[in-house]
Amino acid sequence: MNVTTTLDGTTAHIRARGEIDFDTLPLLRAAATALPSQVSDLQWDLSDAPFMDIAGLHLLSSPTISSPHRRTTVTGLGRQPRSAAGGGLRGAPPCWAAIEDQRAAGSLA
């Protein structure tokens with residue numbers, strides 16, 4: 001993970017290069033926490049982050065890491081994997097059939 005922070009007045013740009021997961025999350029949080037208090041706009045550039053798991057959502061869902069009045073935006077999000085509903089998989093996973101069988105039998109609400 002390589003993190004670059006650029007300041008322009010009250011705007012900060014943090015660019016992440018590499019995968020975002022729980023191993024790299026502390027480095028990204030540290031970059032945001034180290035921003036000066038006068039930064040009112042934070043822009044995360046994820047155009048060079050080919051993968052982001054739930055850790056990235058944790059990072060982006062707490063945009064007020066060091067200031068409750070900071071506006072956060074995200075750029076460079078890539079395409080997401082296709083879901084079963086979107087046609088990425090053929091048919092439903094086998095566990096779905098078992099759940100539907102239990103629901104039909106009345107043992108699952």
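Numbering starts at 1 and runs along the sequence shown.
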Of the non-hydrogen atoms in Ala32 and Trp44, which two are nearest, and what is the gap between them?
CB-CZ2, 3.9 Å
Gly56 and Ile20: which non-hydrogen atoms are nearest, and at how many Å?
CA-CG2, 3.7 Å
Side-chain heavy atoms of [X] within contact of [Y], under 4.5 Å:
X	Y	answer
Leu59	Met52	no
Thr73	Asp41	no
Thr6	Asp45	no
His13	Thr4	no
Glu19	Pro50	yes

Full working for side-chain contact (heavy atoms from CB on, under 4.5 Å) between Met1 and Leu28
CA-CA 9 Å; Met1 171 61 65; Leu28 295 165; 4.3 Å; yes
Given Val39, which of Leu7, Thr10, Thr5 fulfils the side-chain contact (heavy atoms from CB on, under 4.5 Å) condition?
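Testing Val39 for a side-chain contact (heavy atoms from CB on, under 4.5 Å) against Leu7, Thr10, Thr5 leaves exactly one candidate, Leu7.
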Approximate separation, where rounding is to 0.5 Å, of Thr72 OG1 and Leu42 CG:
4.5 Å
Crowding at CG, Asn2 (>12 non-hydrogen neighbours, <6.0 Å)
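Above 12, so yes.
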